[in-house]
Amino acid sequence: MRFPLALVLLLLASCAAAKPPACGFVAHSVLPIAHVGPFASVASTIDGAPAKLVVDTGAGQTVISLAAAHRARLALDTRTTVRATGIGGTGTYATGRIGRLMLGDIPVTPAVVAVMPTVPLADGNIGMDILGDVDLDIDFPAGHITLYRGTMCPDAALPWNTPSAELRTEALMPPGMPATARPRQLLVAMELNGRPAMAMLDTGAGYSVVSRAFANRIGVTDTALEDGPVMHLAGLSPDAANGRLWRFEDARIGTERVASPVMVVADLRGVPFDVLLGMDYLAMHRVWLSYGARRIFVGHQ
């Protein structure tokens, strides 16, 4: 059978017995960022075996590599599978149940993960099935990630002094789930070449990617794209894909204007957004993600 995306509660070690209030922070823990290529990873263990896991806000499902599963002696369940879609297509993968996953010194309740043959540059990617249960302060310039247990209140201010702007969000809900459930994806509004677009903030993408369909709608033709340099793209999907680099006029994200951004234009089929904002943009920013409150902020150093 096919396993739905796991809803996994992340428990901070300092307050595992406390029941969180309806909103408000009750505890936090700070994890140093280790860079793996363009990505941010955190030191982790999988059932006691060391692992390097990339923080991936664009992944709905946590995945680990087959080699990492073998090191942790993780039993695979080939009857319970997960379908994972990336820029190179969709694949079906066996699952494994981790008895004890540690993110730094933070224990995670038993987690069901997808097991892929390989994961680029790391032992796995931590997705929003785990990270969506906490509020995240991802401070790339400072080199650390703070995880807050609890949910930001609707009228609360950020617990930082970094100049920032709140982005307008659109919550996409899992089928059949109530409106109060955690969103399947939390998208943000932006503009590209003066046209409105919906984007996903994806720390698991090395480059920002614009869907070919959206690029066509704003006047970037396939013929014009053929003159752009080819970019080879790979990720959590069975195959690699190619895109074309294109220099757009400008992008507006919150109160920030990015002049002449160079992005990859590629086929993004079956996704509900127009743009992936990857690490070429995010690495220079501080980002607050609260799936529970449906609020996203971007800070500028």
Side-chain angles (χ1 to χ4, degrees), residues 6-36 39-46 51-59 62 98 100-111 124-167 169 171 180-183 186 188 201-204 254 279 282-301:
L7 299 179
V8 183
L9 175 62
L10 183 63
L11 298 178
L12 302 187
S14 60
C15 60
K19 183 178 180 180
C23 69
F25 310 125
V26 294
H28 70 273
S29 187
V30 179
L31 301 179
I33 289 174
H35 292 283
V36 182
F39 307 115
S41 72
V42 293
S44 311
T45 60
I46 299 172
K52 187 179 294 183
L53 301 180
V54 167
V55 175
D56 190 350
T57 60
T62 295
I98 297 174
R100 187 172 179 81
L101 172 63
M102 298 288 294
L103 305 182
D105 61 351
I106 304 171
V108 179
T109 56
N125 285 32
I126 310 169
M128 296 308 292
D129 55 331
I130 291 176
L131 296 176
D133 284 324
V134 296
D135 280 6
L136 295 173
D137 172 4
I138 309 176
D139 193 342
F140 292 110
H144 57 73
I145 298 172
T146 306
L147 297 90
Y148 287 84
R149 184 168 184 254
T151 300
M152 190 178 197
C153 293
D155 57 350
L158 287 173
W160 70 34
N161 295 319
T162 303
S164 59
E166 183 167 6
L167 307 184
T169 63
T180 54
R182 188 188 65 207
L186 194 59
V188 299
L201 303 186
D202 188 356
T203 59
M279 287 300 292
L282 296 171
M284 300 179 289
H285 295 81
R286 189 175 185 178
V287 178
W288 180 275
L289 283 171
S290 177
Y291 265 47
R294 286 90 182 281
R295 300 181 75 184
I296 294 179
F297 294 79
V298 172
H300 315 291
Q301 298 293 338

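Sequential numbering from 1 along the given sequence is applied to the chain's residues. Any value given below was found using the heavy atoms of this structure, including those in side chains, with hydrogens, waters and symmetry copies removed. Note that the structure is a prediction, hence the values are computed from the model and not measured.
The two residues L186 and R295 come nearest to each other via the heavy atoms CD2-N, 4.1 Å. Between A293 and T151, the shortest heavy-atom distance links the atoms N-CG2, 3.4 Å. Nearest heavy-atom pair across P154 and C23 is CD-SG, 4.3 Å. Here the closest heavy-atom approach between residue D105 and residue S29 is recorded as OD1-OG, 3.5 Å. Minimum heavy-atom separation, A40 to F140: CB-CE2, 3.8 Å. A51 and I46 get closest at one heavy-atom pair: CB-CD1, 3.8 Å.
Remark: D137 engages R286 in a salt bridge (charged side-chain N to carboxylate O under 4.0 Å, His left out) (not counting sequence neighbours). Shown here are the side-chain contact (heavy atoms from CB on, under 4.5 Å) partners of P159, two or more places apart in sequence or in another chain: F25, Y148, W288. For S290, the side chain to side chain donor-acceptor pair (under 3.5 Å) partners at least two apart in sequence or on another chain are D135. In this structure, the side-chain contact (heavy atoms from CB on, under 4.5 Å) partners of A283, at least two apart in sequence or on a different chain, are M279. Listed by chain and residue number, V30, D139, A142, T146 satisfy the side-chain contact (heavy atoms from CB on, under 4.5 Å) test with H144 (two or more places apart in sequence, or in another chain). Under the side-chain contact (heavy atoms from CB on, under 4.5 Å) criterion, R100 pairs with D47, M102, P107, not counting sequence neighbours.
The shortest distance between side-chain heavy atoms of L131 and L289 does not fall below 4.5 Å. Side chains of L101 and L53 form a contact here, defined as non-hydrogen atoms less than 4.5 Å apart.
Between I138 atom CD1 and L282 atom CG the span is 8.0 Å, to the nearest 0.5 Å. Note that OG of S164 and CD1 of I296 are 13.0 Å apart. Values are rounded to the nearest 0.5 Å. In this structure, NE2 in H28 is found 14.0 Å from CD1 in I145, a value given to the nearest 0.5 Å. Taken to the nearest 0.5 Å, the CD1 atom of I130 stands 7.0 Å off from the CD1 atom of I98. Within the model, atoms NE2 of H285 and OG1 of T162 stand 11.5 Å from one another, a figure rounded to the nearest 0.5 Å. Separation of atoms OG (S41) and CG (N125) is listed at 10.0 Å; rounding is to 0.5 Å.
Side chain of T62 to main chain of G127: a donor-acceptor pair is present (N/O by atom type, distance under 3.5 Å, no hydrogens or angles). Here the side chain of T169 pairs a donor or acceptor atom with the backbone of R294 at under 3.5 angstrom. Looking only at distances, a side-chain donor or acceptor of T203 sits under 3.5 Å from a matching main-chain atom of V55.
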Practice task
Please report the C-alpha distance between M128 and T57 in whole Å, then the side-chain angles of each, then the deciding distance to 0.1 Å, and finally whether the side chain to side chain contact (heavy atoms under 4.5 Å, CB included) criterion is met.
Solution key: CA-CA 6 Å; M128 296 308 292; T57 60; 4.2 Å; yes
